[in-house]
K.L.:
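My questions all concern the structure below.
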Amino acid sequence: MNSFTFYTPTKIIFGPRTCDQAGQAVKEAGGSHVLVLYGGGSVLRNGVLDRVTASLSAAGLTYDCVGGVQPNPRLSFAQSIADQWRDKGVDFLLAVGGGSVLDTMKGVSMSLSCGGDIWDFFQGTRTVTGAVPMGSVLTIAAAGSETSDSAVLTNEATGQKRGRNTPFNRPLFAIMDPELTYTLPPRQTACGVTDIMMHTLDRYFSDSNTEYLTDGIAEALLRDVMEAGLLAMREPENYDARSEIMWCGSLSHNDLTGLGRTKDFSVHQLGHELSGMFDIPHGESLSATWGSWARFVMDTDPGRFAHLGRNVLNITETDDRLAAQETINGLEAYWQRLGMPVSLGACIGVQPDEVLQDLAWRCSWQGKRKVGVFRPIDTADILDIYRAANH
Ligand code: NZQ
Ligand code: ZN
């Protein structure tokens, strides 16, 4: 087991009607003038924003609201919010939405706190040295941004989707009311379940596999979110299913399911290039590439895939190689039951080879890096994986 520091400072306020506690939570965190961020309008239609602002007023707080964050959130929009609200006395940022709103908030926080252009932090040319205090009212279980140290933004001028990890990205609190997710369209529920699974899978395949408690937590989470995912697709207002998914979403990406080992995250890197170029939902970019990645790297350690399948999918095959193939097929079959794509053709259409070459070149940062640790992949490997998914 590698040495680690496990730091998850985000206070979780979980349960029905907890969104009405937003004002109190901000007040306890020391905020007085709140900038509330939200997305394309779901929180207006389902009344969540009204409930949140009513609770801010009841707590005696001043607030302003800014909506319009798009999925695959844009750098320029985050930068415009930061520029507009600099020196206006905002002392707390509150995201009401999902990963896209949260990540926009984190980008705004970087610029308000440290000054300057948000993209510098995402390119790694500047270090994040502080944050405006932040919290969230989560409306979709998926990205895990409510407790993660990451933010992901898309630079629409270059088509680059990039992440920035820093402890300053961890919000102070997350209000997690599973009832708020009842209004999710099935496609978003399915994308969310897939992303939650992938945050654990992208940690499960690493350069070590002797962290037995970490494995057990990861496997339990995968079994749980897969079962609850199917139930929520059938019964969108099943509170228990929505609760399990929501809690899995946070635990899957607060580092618990990969503790003591190096993060791989190859499939996330493959997916980010697809979302950056084609603006497809994050979850679809992952299910479309995971199987091709898995088949490409499987021979590195078929036993690892077999172990996953035996503990998560109840695979009884005793030959590791055959069990590994069953595991890969089994996970793809699960995503298809959710209606998720398991090939490029099923989400962006079959692409000409020049496009795949461009994607691979971008993903390896013009040949400057190998991706992942389970089986580090270079430009040629990445191209092979995109080609295998291109049907
Ligand atoms: O914009 P609105 O109208 O609110 O609609 C949203 C959006 O269209 C809708 N939605 C959210 N809650 C709803 C709802 N519709 C009805 N009822 C509700 N209760 O769902 C759509 C997707 O929202 P979004 O915030 O984009 O979803 P998600 O949470 O999946 O976030 C995806 C983004 O997070 C990034 C992804 O790359 C992607 O950009 N990620 C962030 C991570 C992080 N910061 O730690 C890690 C992840 O790996 C991921 O990369
Ligand atoms: Zn993800």
Side-chain angles (χ1 to χ4, degrees), residues 10 19 37-49 51-52 67-75 77-78 95-107 109 122 134 136-156 160-166 169-171 174 176-203 232 236-237 242 245-246 249-250 252-255 263 265-276 279-287 289-290:
T10 306
C19 89
L37 304 179
Y38 63 95
S42 70
V43 296
L44 298 174
R45 291 188 292 279
N46 59 21
V48 172
L49 190 67
R51 288 171 65 186
V52 169
V69 175
Q70 291 171 258
N72 292 321
R74 310 301 197 263
L75 167 69
F77 190 67
V96 184
S100 296
V101 181
L102 267 138
D103 289 357
T104 299
M105 172 178 78
K106 292 177 181 184
S109 163
F122 283 76
M134 298 180 276
S136 74
V137 176
L138 191 65
T139 65
I140 172 172
S145 185
E146 66 278 6
T147 57
S148 82
D149 67 352
S150 330
V152 184
L153 290 177
T154 296
N155 182 337
E156 65 272 43
Q160 288 171 298
K161 185 171 181 179
R162 292 283 178 267
R164 165 54 48 212
N165 292 58
T166 158
N169 275 340
R170 307 248 192 208
M176 296 170 57
D177 177 346
E179 288 182 350
L180 302 191
T181 64
Y182 289 173
T183 54
L184 280 171
R187 184 184 183 195
Q188 291 300 338
T189 298
C191 281
V193 168
T194 304
D195 192 20
I196 292 168
M197 291 172 67
M198 212 62 76
H199 292 150
T200 289
L201 290 172
D202 260 353
R203 290 174 164 92
E237 301 200 3
R242 292 296 191 181
I245 297 171
M246 201 171 227
S250 286
S252 194
H253 202 34
N254 77 352
D255 286 338
K263 288 185 213 176
F265 270 69
S266 300
V267 180
H268 267 74
Q269 298 304 313
L270 294 165
H272 283 344
E273 296 310 328
L274 292 173
S275 288
D279 198 16
I280 55 171
H282 176 56
E284 293 187 3
S285 75
L286 303 174
S287 62
T289 45
W290 189 85

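One-based numbering, in listed order, for ligands and for the atoms of each. Given the structure is predicted, the values throughout are model-derived calculations rather than measurements. Side-chain atoms are counted along with the backbone in the values below, which use heavy atoms only and exclude waters and symmetry mates.
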K.L.:
Indicate whether atom 9 (C) of ligand 1 is within a distance of less than 4.0 angstrom of some protein heavy atom.
P.N.:
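Protein heavy atom within 4.0 Å of atom 9 (C) of ligand 1: absent.
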
K.L.:
To check your reading of the model: name the closest protein heavy atom to atom 44 (N) of ligand 1, its residue, and the distance in Å.
P.N.:
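Minimum-distance protein heavy atom for atom 44 (N) of ligand 1 reads Asp103 OD1, 2.8 Å.
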
K.L.:
In ligand 1, which numbered atoms sit nearer than 4.0 Å to a non-hydrogen atom of Ser148?
P.N.:
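Those qualifying, in numeric order: 43 (C), 44 (N), 45 (O).
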
K.L.:
Can you pull out the closest protein heavy atom to atom 49 (C) of ligand 1? Residue, atom name and distance to 0.1 Å, please.
P.N.:
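The closest one turns out to be His282 NE2, 3.3 Å.
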
K.L.:
So, Asp202 and the Zn ion (ligand 2): N/O/S under 2.8 Å, yes or no?
P.N.:
no

K.L.:
Quick one: angle Asp195 OD1 - the Zn ion (ligand 2) - His282 NE2, to the nearest 10°?
P.N.:
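My answer is 90°, to the nearest 10°.
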
K.L.:
To the nearest 0.1 Å, how far is atom 28 (P) of ligand 1 from its closest protein heavy atom, and which atom is that?
P.N.:
Gly99 N, 3.6 Å

K.L.:
Distance from Leu286 atom CG to His199 atom NE2, nearest 0.5 Å?
P.N.:
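With rounding to 0.5 Å, CG (Leu286) is 7.0 Å from NE2 (His199).
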
K.L.:
Just which atoms of ligand 1 are under 4.0 Å from any heavy atom in His253?
P.N.:
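Checking each atom against His253, I get 45 (O), 46 (C).
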
K.L.:
Any side-chain donor-acceptor pair under 3.5 Å between Arg203 and Ser252?
P.N.:
no

K.L.:
Ignoring hydrogens and angles, tell me if any N or O in the side chain of Ser285 forms a donor-acceptor pair with the backbone of His282 under 3.5 Å.
P.N.:
yes

K.L.:
Starting from atom 1 (O) of ligand 1, find the nearest protein heavy-atom neighbour and note its residue, name and distance.
P.N.:
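Residue, atom and distance for the closest contact: Gly40 N, 2.7 Å.
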
K.L.:
Is His199 near ligand 1, meaning one of its heavy atoms is under 4.0 Å from it?
P.N.:
yes

K.L.:
How close does the nearest protein non-hydrogen atom get to atom 17 (N) of ligand 1, and which residue and atom is it?
P.N.:
Thr183 OG1, 2.7 Å

K.L.:
Is ligand 1 under 4.0 Å from a heavy atom in the side chain of Ser145, in the backbone, in both, or in neither?
P.N.:
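For Ser145, the contact with ligand 1 is made by both the backbone and the side chain.
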
K.L.:
Is there any N or O on Pro71 that sits under 3.5 Å from an N or O of ligand 1?
P.N.:
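Min N/O separation from ligand 1 is not below 3.5 Å for Pro71.
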
K.L.:
Which residue and atom name correspond to the protein heavy atom nearest atom 33 (C) of ligand 1, and how close is it?
P.N.:
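Protein heavy atom at minimum distance: Ser100 OG, 3.6 Å.
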
K.L.:
Considering only non-hydrogen protein atoms, determine which one is nearest to atom 13 (C) of ligand 1 and report residue, atom name and distance to 0.1 Å.
P.N.:
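Ranked first by proximity to atom 13 (C) of ligand 1 is Leu184 CD2, 3.3 Å.
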
K.L.:
Atoms of ligand 1 less than 4.0 Å from Lys161 heavy atoms?
P.N.:
36 (C), 37 (O), 38 (C), 39 (O)

K.L.:
Report the distance from atom CD of Glu179 to atom CD of Glu237, rounding to the nearest 0.5 Å.
P.N.:
9.0 Å

K.L.:
Looking at ligand 1, does Gly271 have a heavy atom less than 4.0 Å from it?
P.N.:
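It does not; every heavy atom stays at 4.0 Å or beyond.
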
K.L.:
To check your reading of the model: name the closest protein heavy atom to atom 22 (C) of ligand 1, its residue, and the distance in Å.
P.N.:
Gln188 OE1, 3.4 Å

K.L.:
Any chance you could measure Lys106, atom NZ, to Ser148, atom OG, to the nearest 0.5 Å?
P.N.:
3.5 Å

K.L.:
Taking the Zn ion (ligand 2) as the vertex, measure the angle between atom NE2 in His199 and atom NE2 in His268; round to 10°.
P.N.:
90°

K.L.:
In this structure, does ligand 1 have an atom that sits under 4.0 Å from one of the heavy atoms of Val43?
P.N.:
no

K.L.:
What are the two closest heavy atoms between Leu153 and Ala78, and how far apart are they?
P.N.:
CD1-CB, 4.3 Å

K.L.:
Would you say atom 6 (C) of ligand 1 has a protein heavy atom nearer than 4.0 Å?
P.N.:
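So atom 6 (C) of ligand 1 lacks protein heavy-atom neighbours under 4.0 Å.
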
K.L.:
What atoms in ligand 1 come closer than 4.0 Å to a heavy atom of His268?
P.N.:
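Every atom of ligand 1 under 4.0 Å from some heavy atom of His268: 48 (O).
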
K.L.:
From His253, does some N, O or S atom reach closer than 2.8 Å to the Zn ion (ligand 2)?
P.N.:
no

K.L.:
Please could you name the atoms of ligand 1 that Pro73 approaches to less than 4.0 Å, counting only its heavy atoms?
P.N.:
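Counting from 1, the qualifying ligand atoms are 39 (O).
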
K.L.:
Could you list the atoms of ligand 1 found under 4.0 angstrom from a heavy atom of Ala143?
P.N.:
29 (O), 31 (O), 34 (O), 40 (N), 41 (C), 42 (C), 45 (O), 46 (C), 47 (C)

K.L.:
Of all the heavy atoms in Gly192, does at least one lie under 4.0 Å from an atom in ligand 1?
P.N.:
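Per 4.0 Å heavy-atom rule, Gly192 does not contact ligand 1.
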
K.L.:
Quiz question: by atom type and distance under 3.5 Å, do the side chains of Thr10 and Glu146 form a donor-acceptor pair?
P.N.:
no

K.L.:
Is there a salt bridge (Lys or Arg N to Asp or Glu O under 4.0 Å) between Lys161 and Asp103 once you walk through the steps?
P.N.:
CA-CA 12 Å; Lys161 185 171 181 179; Asp103 289 357; over 6 Å; no

K.L.:
Taking 4.0 angstrom as the limit and counting only heavy atoms of His272, give me the atoms of ligand 1 inside it, by number and element.
P.N.:
37 (O), 50 (O)

K.L.:
Only heavy atoms of Pro185, strictly under 4.0 Å: list the atoms of ligand 1 that pass.
P.N.:
15 (N), 16 (C)

